[in-house]
Amino acid sequence: MTGPARFAFEGITGGYGAMMVVRGLSAEVGEGRCLCVLGRNGVGKSTLMNVLSGHLGAAEGSILLNGRNLVPLSPDARRRQGMSYAMQERPVFDHLSVFDNLMLMRASAGIGLYRSYFDRFPILENRLDQKAGTLSGGERKILSFTRALAEEGDITLLDEPSEGVQSENISHMETIITEAKSRGRSFVVVEQHLHLAEAIADHYLIIDQGKCVLQCAAADTDRQDLLAHLEV
Amino acid sequence: MDPVLIANGLNISFEIVTLALVAMGLAVTLGLLGVLNLAHGEFVMIGAFCAFFVQEQGLSYLWAFPLVVIVCIVIGWPVERTIIRALYSRPFDTILATWGLSLLLREIVEFFFGPGFNSVDQPVSGTVNIFGADYPLYQLLVMLIAVVLIGALVAWYVKSSTGRRIQALVDNPDLAKSVGIPTIALARNTFIFGLCLAGIAGVLLAPIVAVYPGMGIDHVLKSFFVLVVGGLGNVVGLVVGSGVIGGAESIVAAILDRTAGYTFVLIVALLFLWKKPGGLVSR
Amino acid sequence: MAWLAANLAFITAILVVLPQIVGDFWAFTLALFLLYAVACLGLGLSWGQAGLLSLGQGFFLGFSAYTSGLILIGFSTSAWLFPLLGLSVVAPGLIAYLFGCMIFHGRTQNTAFFAIITLALILLAAQIATAWESVTGGYNGLRNIPGLPGFSELEDAYTLSAVALGLSMMFAAWIMQTPLGVLWRALSQDERRVAFLGFNHNQLKSVAFGLSGLFGGIAGTLYAPQNSLVTPDLFGFLLSTSFVVWVAIGGRNTLYGPVLGAIGIGLATNTLRESVSFWEVILAVIFIVAVLYFRKGLTGTAEPAVKRWFERNDRVRKPAPARHSAMTFDRIAIENLNLSVGNVGILEDLDLNIGSPGIYCLIGPNGAGKTTIFNAMTGELEAQSGTVSMLGTRGIKMDARTQTIAGLGRKFQVPSVFDQLTVGENLAIALWSGRSSRRDLLRLSLLDWESPVLTELERRFPFLTDRRQMVGSLSHGQRQVLDLAMVLCTEPRLILLDEPCAGLSLAETNEVISTVRWAVDRFQATAMIIEHDMAMVRELADHVFVVHNGSMLFEGSVAEVQSNAAVQAVYTGGTK
């Protein structure tokens, strides 16, 4: 990797109140690269994403996007700096229609900009007028994924994008992410689904008890290494 | 039809419509932002005093509308910054602080205008004959304006992109931030907008009621009852709540007396708080 | 105790002698504010102690001022005069208590709504007092009320007020010290936790509100003869608002705060209102600033919220009695449980059976519904269908309090301890659970209770012996441990723990593991533990339940879970 990384965080420590859930996590993501964060549940993956996206304050550490420190910025300011985020729980506006979920911040544009996504996820186009809260869990994840990817952020944070999603749609997600990477978009993805993780990851960050236990390039890692840290 | 019946019907509708008008501002701050603003009634009072002030200066009544908007922004901005924003996470202290604010606003107004009763002339006089009943033109006008205002507000909330962003903010504040909505500014503007609505209601009511510093307290209570009965965050709830509270009060007051009407409203509100705190129309 | 009595006697003496120094006019004004101070003391109890803000404290003062006035006018020569006046003192207390029972036992648990209801109450009272002319004298009020026989001189009335305030303060100081006072302060911080420790929180609140009404009754009954005039202004929201302002600025949590606020600020307002024309504006600003930044008020920083006035130097710990109901083991059977919140299904046809005591761990991915199972068991969430049988019931719904008395101990994921109480008070509350009668809650000796379980816990976690330490100053790990210790002090037969070791250090985790094991053996209890940390599950679990998508995916020993392909697939994402 040459020059400063597109996105980097260093020494991230954070949690809820006095309870620190993640301690001293660091990683770099280059342009067009994808970092997959793995670990058993309850080890602090979502907490890390909440700190990176600005919903939780970082007690310590720095977050850099294109060389700019994001730590003092609110989540909406981070969006304007080029960060996109699809959260794990409550990923969509339940009381808004699918259309409004997609067009909320794009009042001037047409729905046509989602054409390529609708080709892969026709359910979205078929349900534009439906309230997002009436979608199934997996469909909501697809909606959230589509909204986040279409923002074309320099860095996109995806927290368990495949949770509850049918396998054919998971492979669509895989293709879309790979295409976005080729356009220079970078990703940090928390994923339980090993197939998807292996397909998109360039690097792994594996955490346990809030700390980094393994950081490695995807090319140097085989499935057994990962399983050793994930199986209960 | 019997003109007396029609006059009564008009009076009752007037009560209901003006109650909805007054409660609308509180519906915005409490229903959308979750801020129980006990100083809501004082902004109605300030609106009424704007109308009075304009009249004192010999200006047209219409000047009261821009004036009240300016006053509400000038007061609302620092209030949101210092009191409301600091207390989003401490709702219990919000009612205390806004109660203190209501005290402060009353005392300031009293300092300038004195504690006594004032009256504002009706900008349009005369009556119209509706199915044989003579009804004051101004009251009719207020009803019309109120209905149009509520309708316009609802249409704006549903149709405009700002309205949808407010809905998004109410629905899922964390996600709203993450998709890039500047939630702090949006909440502030929404709060100030709620205050302006209260102020405008005050301007419209000023020619019909006694204008004095303590007039707000009744308004905040009844607005609150409307929302308790109707439910939060839904315009249907606002209308239903106003119908129940305003209708019940004016009917009981017409049959018995004012105290009975008031007692009845209180009992209705208590029953709702007790058995159905979500209100009639839940989101 | 003696020190406090001397203290209050001294204050009372000063108050009694004061008119000789300041003159009659001042004494008359002061007498009024002494009565207001009594009413404010009541507000201090309900608001400062139990967390119930009343915007209508004037209601009780006004109510008994009217009844007292009517009694004095109608029965001034009757032998029944004093018993009747006694009634006028007690009646507002009773009304407040019943009103509290009605409001708190309803569905509204919102203290903000409570404040508004009290506001509505005085506005209604003002309407009635003005409209019901034949009895209340309408707008002009009751006039020419005779003084109390034997206390007709101005000085007598003043002395009476001073003594009433002294006695009221004495009573307030005592009640703040009792276990009842401790429980009030606890529930003003975390009501749910008080219920989960087996106390009737609604009743406790009603009692607090009732006492605030009683104090209003004392003030009002003396108000009528002292002023010989009672008007609807007593029901005005201005007076009740003043009470709130005085108590907030004086300090709502302390004994002296409300008194100081009422007399100091009340008198200052009375004097300055004329000369400083915007005094009221300044006062309103001070109030807002106090709410935002100085929530403890003037006395709050100078004086600890509750001084140990009644503490004996020769403190002897006394053994706590046994729990009222000693439960034996009972099987737990959850059948076909379906639970959804809104349109999101969380539990689907969940079955879970436990047939013998021991430690059972619940594991599963995020959102699997583990905490929801606990919530369904303890009635926090209502299941749409299915039955839960445990603690001697078969699918009968019990509330948290009844379940705790029957032997439930639940620890929430986030430590739910009472930050503004001491370690000793936190543990004492847990010891009182299921062991104290209602009358016991007025006995100071309950603060000295100990039990063998507590002694053992103190041995394992020495920081628990520093009983005067404020819980708010403990570390996160210590608060988790204290929370667990409180659960174990209730000697439960069914222990529900939600990630008890979250955020603990390794040493703390090990001690917690061994303590849970010890407690389960000692109480012959069943422990159900939600845990993510597999190292801990291996240490603890006799049996493991794996929950996935709201259903039971697998159950078995730790070894069986680790060798099960379906379980491993869930954890590595092969959901299909």
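Here is how names work: the chains are called A, B, and so on, in the same order as the sequence lines, proteins then strands, and each is numbered from 1. None of these values were measured; they are calculated from a predicted model.
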Using distance only, find each side-chain donor-acceptor pair of residues 8-19 of chain A under 3.5 Å and give its atom names and separation, not counting sequence neighbours.
residue : atom : partner : partner atom : Å
A/Thr13 : OG1  : A/Gly24 : N            : 3.0

Residues of residues 65-83 of chain B contacting chain A, heavy-atom criterion under 4.5 Å, by residue number: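 Within residues 65-83 of chain B, near chain A: nothing under 4.5 Å.
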
Residues from residues 176-190 of chain B approaching chain A under 4.5 Å (heavy atoms):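 Interface residues of residues 176-190 of chain B: B/Ala176, B/Lys177, B/Ser178, B/Val179, B/Gly180, B/Ile181, B/Pro182, B/Thr183.
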
Interface moiety of A/Arg78 toward chain B, non-hydrogen atoms closer than 4.5 Å: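 Interface part for A/Arg78: neither.
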
A/Met105 versus chain B, the contacting section by heavy-atom distance below 4.5 Å: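 Interface part for A/Met105: both.
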
Beyond-backbone contact of A/Arg90 with B/Asp174, side-chain heavy atoms, under 4.5 angstrom: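 No, every pair of side-chain atoms sits at 4.5 Å or beyond.
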
Crowding at CZ, A/Arg183 (>12 non-hydrogen neighbours, <6.0 Å):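 Buried by this count: over 12 neighbours within 6.0 Å.
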
A/Asp129, CG atom: more than 12 neighbouring heavy atoms under 6.0 Å: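 Incorrect, the count does not exceed 12.
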
Straight-line distance of A/Glu89 CD to B/Asn172 CG, nearest 0.5 Å: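 These two atoms lie 11.0 Å from each other.
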
Under 3.5 Å: donor-acceptor pair, side chain of B/Asp171, backbone of A/Asp94: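 Yes, B/Asp171 side chain to A/Asp94 backbone: donor-acceptor pair under 3.5 Å.
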
Listed partners of B/Gln167 passing side chain to side chain contact (heavy atoms under 4.5 Å, CB included), at least two apart: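 Per chain and number, B/Gln167 pairs via side chain to side chain contact (heavy atoms under 4.5 Å, CB included) with A/Leu96, B/Tyr157, B/Arg164.
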
